[in-house]
Amino acid sequence: MVSGEDIVRGGRMPAFYLSLIAVVLAGLGARDQVTLAGVALHQRGRPALLVVAVLCACATGALAVWAAGRMLPILPPPARMIFAAVAVGFAGAESMLLVPRRALAEPTRSLGALALVLLARQVTDAGRFLIFGLGVGMGAPLAAGAGGILGSAALVFFAWARPELLETPGARLIRRAVGGVLLLAALILFLSEFGIL
């Protein structure tokens with residue numbers, strides 16, 4: 001018989017890689033990326049912007065890990081994947097429905113103001129939902145968090161280094177397509193847990 005401890009131990013590496021890939025895909029063209037890209041364009045790649053953005057990604061990722069760790073002991077193993085499916089569904093809906101606003105014409109130079117905006121946008125975005133849901137569903141919040149935070153840091157680095165690429169219609173199209181894939185994945189997970197698929 002497989003114990004819960006075996007499931008957690010066996011799920012660490014898959015949780016890391018799955019969270020890394022899912023967060024990178026779901027975060028392309030996300031609200032925090034578009035915000036950072038707009039500021040970076042006006043401030044010509046100011047290095048402090050990248051530092052603030054990475055710290056914000058780490059903070060919000062850590063919050064998602066903490067929430068997953070608190071939820072994990074409450075849910076019995078059969079309910080964890082259902083919970084993960086709901087979180088992935090929320091991530092897909094966020095990717096499809098919440099369209100990032102265009103960058104402000106005159107963005108502030110205040111790093112504190114930028115941090116507040118990034119934190120507000122990241123705390124409820126698709127990436128954090130994925131870290132939370134996969135951490136609970138795979139029984140490995142730390143591994144899912146590590147992968148998700150690494151993916152989030154890569155996304156903000158991309159926004160800082162190549163901000164002009166996020167202004168293209170293709171970036172918005174990719175974001176909506178990924179949202180649709182996440183919704184489909186959530187539906188498949190949900191139905192398979194009930195033995196329908």
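Between A91 and F129, the shortest heavy-atom contact is CB-CB, 3.9 Å. In plain terms, the two heavy atoms of L155 and Q33 that are nearest each other are O-NE2, 2.9 Å. Between V65 and G145 the shortest heavy-atom distance is CG2-CA, 3.3 Å. Considering every non-hydrogen atom in both L111 and A48, the closest pair reads CD1-CB, 3.7 Å. Nearest heavy atom pair, residue S152 against residue R128, reads OG-NH1, 3.0 Å. Here the closest heavy-atom approach between residue A84 and residue G137 is recorded as CB-CA, 3.7 Å.
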- Task: May I have the step-by-step check of side chain to side chain contact (heavy atoms under 4.5 Å, CB included) for Q122 and V117, ending in yes or no?
- Result: CA-CA 9 Å; Q122 288 176 352; V117 171; over 6 Å; no
- Item | Full working for side chain to side chain contact (heavy atoms under 4.5 Å, CB included) between L63 and F132 | CA-CA 9 Å; L63 179 63; F132 179 53; over 6 Å; no
- Message: Is there a side chain to side chain contact (heavy atoms under 4.5 Å, CB included) between L50 and F157? Walk through the geometry before answering.
- Response: CA-CA 7 Å; L50 177 61; F157 175 78; 3.8 Å; yes
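No continuous path of ILVMFWY side-chain contacts below 4.5 Å connects V52 to L116, so the two sit in separate hydrophobic clusters. Linking ILVMFWY side-chain heavy atoms closer than 4.5 Å, directly or via other members, places L55 and L36 in two distinct hydrophobic clusters. In the hydrophobic clustering of this structure, V54 groups with L118; members are Ile, Leu, Val, Met, Phe, Trp, Tyr whose side-chain heavy atoms approach within less than 4.5 Å, directly or through other members.
A heavy-atom distance below 4.5 Å is not found between the side chains of L187 and L183. A heavy-atom distance below 4.5 Å is not found between the side chains of L28 and R175. Residues F90 and T124 fail the side-chain proximity criterion, which asks for heavy atoms closer than 4.5 Å.
In this structure, E94 pairs ionically with R31, as a charged nitrogen and a carboxylate oxygen lie closer than 4.0 Å.
Rounding to the nearest 0.5 Å gives a distance of 4.5 Å between CG of L165 and CZ of R162. Here the OG1-CG distance, from T60 to D32, works out to 7.5 Å after rounding to the nearest 0.5 Å. If you take CG on L20 and CD1 on I149, they are separated by 11.5 Å, rounding to the nearest 0.5 Å. Interatomic distance, CG of L142 versus CH2 of W66, reported as 14.0 Å (0.5 Å rounding). D125 CG to S95 OG: the interatomic distance, rounded to the nearest 0.5 Å, is 8.0 Å. Here the SG atom belonging to C56 is positioned 4.0 Å from the CG atom belonging to L119, to the nearest 0.5 angstrom.
With ring centers used as reference points, F190 lies 6.0 Å or more from F83.
Remark: side-chain polar atoms of Q43 are not paired, donor with acceptor, to backbone N or O of V39 under 3.5 angstrom. Between the side chain of R46 and the backbone N or O of A40 there is no donor-acceptor pair closer than 3.5 Å. Using a distance-only test at 3.5 Å, with no hydrogens or angles considered, a donor-acceptor pair links the side chain of R80 to the main chain of L75. Looking at S19, its side chain never comes within 3.5 Å of a backbone N or O of F16 through a donor-acceptor pair.
Shown are L18, L25, I21, V88; of these, the side-chain contact (heavy atoms from CB on, under 4.5 Å) with L130 is made only by V88.
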